[in-house]
Protein chains: 2
Amino acid sequence: MSGAGIRSWQAIQTEVMRRIHAREWPPGHTIPNEVDLAREFGCARATVNRALQSLADAGLLERRRKAGTRVALHPVGKATVDIPVIRQEIEERGLRYGYQLIARNIDIPPPRLGGKNAALHVTALHTADGAPYVFEDRWINTDTVPGALDQPFDRISANEWLVTTAPYTHGDIGFSAQPANATQSALLDARANAPVFVIDRTTWDGEDTVTTVTLTYAPGYRIHTIIGTGPVAF
Amino acid sequence: MSGAGIRSWQAIQTEVMRRIHAREWPPGHTIPNEVDLAREFGCARATVNRALQSLADAGLLERRRKAGTRVALHPVGKATVDIPVIRQEIEERGLRYGYQLIARNIDIPPPRLGGKNAALHVTALHTADGAPYVFEDRWINTDTVPGALDQPFDRISANEWLVTTAPYTHGDIGFSAQPANATQSALLDARANAPVFVIDRTTWDGEDTVTTVTLTYAPGYRIHTIIGTGPVAF
DNA sequence: TAGTGGTCTAGACCACCTG
DNA sequence: AGGTGGTCTAGACCACTAG
């Protein structure tokens, strides 16, 4: 029964998923330890480890030293959303990218952004085949990214320039639905208070903020992605 | 210089990120191969491999056999969005969860869902501290999940029941902003055409669809998550 | 076709945690 | 205290692909 040998970690992953799937290992069940599985599959423990770790990353398994590996009770689905450069996002849809700077000045950020220090405020419109696509409203920390002061942002968007210039260590991001305000509805060819999709994002480089941006998309925008990353199906 | 030895894969990861960060290895640069790095760091190649693979997963590096490993030109940020059970999502916010079934019947799904066969149609409202939270409009494929026909869904939501009962291999998911229709605005205590956040999701088990659901959230809902998963900062 | 990453092995030691 | 996963090693072979 165990003579055949399942030797690749992907094959082991598939077999483990099959057993979970088939309820041989129901939710909450503690599965055999790595040594036993390695013996059963006829492979090295490291190979089993690789397979199980991958499934744990995907949220299908819960692993703890000494306690062992259990099938997750509530397999939390995880969707990975890519955050591309806007120009790329548009061009990948086969559309012609356009960019238009609206304003660029030094100012004091609003209190909700926490800053008392002046920062670079850039607003711009990105278009796809001439139609409004997304409105970018951005604050750049000029202490963290002094080079931004030399950039006019009239041809290259701050969005694009920062990606290749200002690395960050971490960030946070939010998605929401909001009514378009006067500025947004005018720029995006939308009715007043029309529902628009909004992404707000702040990035840090260590302790220092790099940039905070609010992206307001024209009506009809939809983020679409896939659950079950690559080989990790569950 | 190389005598010290960087022996853990996390330390190697940190060091590689530092070099990218410091522009010692600028975007597009091909970094040394694994054997050379292993020699420099005084560790085994497998350890370097683990570190670089992790960074490649995070989108910071691009790796190809024979071509080597390059620093990504456009480090695509990736945000991982958890898709929890609604009850858990509400309770984790410290709110009291409530559930109310609205309708449950067998019907022919609308053509955009591709089905000609009858399916189980369930609509329900989830509440947080008594306030409307999200409206669930779901179709369940009774060929794939026959057990659903025995479930009344009057106490346990389809959302929750399916998670522990109907495994899936993959799915797709979309996020958008939409105006609330009459039904939604009434149930969610929202004005007509108020902007609402909508998640639509379809899951498959192999070739067969499992369920398709549209979740319409009450105004003010916001998805929030972090960029730079865990130890992988970039 | 040769160089690079991808994977596997057999063994070892360590860190963590439950009982 | 002992069992389990986490990691590292030194070496090997394989798979892919750029030149």
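Values below: all heavy atoms of this structure, side chains included; hydrogens, waters and symmetry mates excluded. Here is the naming used below: chain letters follow the sequence lines, and residue numbers restart at 1 for every chain.
- There is no side-chain donor-acceptor pair under 3.5 Å between B:E89 and B:Y97.
- Taking only side-chain atoms of B:Q53, from C-beta outward, the nucleotide of C:dT7, C:dT4, D:dG6 with the closest atom is C:dT7.
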Each nucleotide N or O in nucleotides 9-12 of chain C that has a protein N or O under 3.5 Å away: list the pair and distance.
from   : atom 1 : to    : atom 2 : distance (Å)
C:dT9  : OP2    : A:A44 : N      : 2.8
C:dT9  : OP2    : A:T47 : OG1    : 2.5
C:dA12 : N6     : A:R45 : NH2    : 3.0

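- Atom CD1 of B:I227 sits about 10.0 Å away from atom OG1 of B:T80, to the nearest 0.5 Å.
- A:N49 places its CG atom 18 Å from the P atom of C:dC13, with the value rounded to the nearest Å.
- The CZ-P distance, from B:R50 to C:dG5, rounds to 18 Å in whole Å.
- The CD atom of A:E62 sits 15 Å away from the P atom of C:dC17 (whole-angstrom rounding).
- For the residue pair A:T69 and A:R63, a side-chain donor N or O sits within less than 3.5 Å of a side-chain acceptor on the partner.
- One can place CD1 of A:I31 at 12 Å from C1' of D:dT4, the figure rounded to the nearest angstrom.
- Taking CG from A:D143 and OG1 from A:T209, the interatomic distance works out to 8.5 Å, rounded to the nearest 0.5 Å.
- For the 3.5 Å distance criterion, the side chains of B:T211 and B:R138 qualify, holding a donor opposite an acceptor.
- Within the structure, a side-chain polar atom (N or O) of A:Q10 is placed less than 4.0 Å from OP1 or OP2 of C:dT7.
- In this structure, A:N33 places its CG atom 20 Å from P of C:dC16, rounding to the nearest Å.
- For the residue pair A:D205 and B:H21, a side-chain donor N or O sits within less than 3.5 Å of a side-chain acceptor on the partner.
- Comparing atom distances between the B:R63 side chain and each of C:dT7, C:dG6, C:dC8 picks out C:dG6 as nearest.
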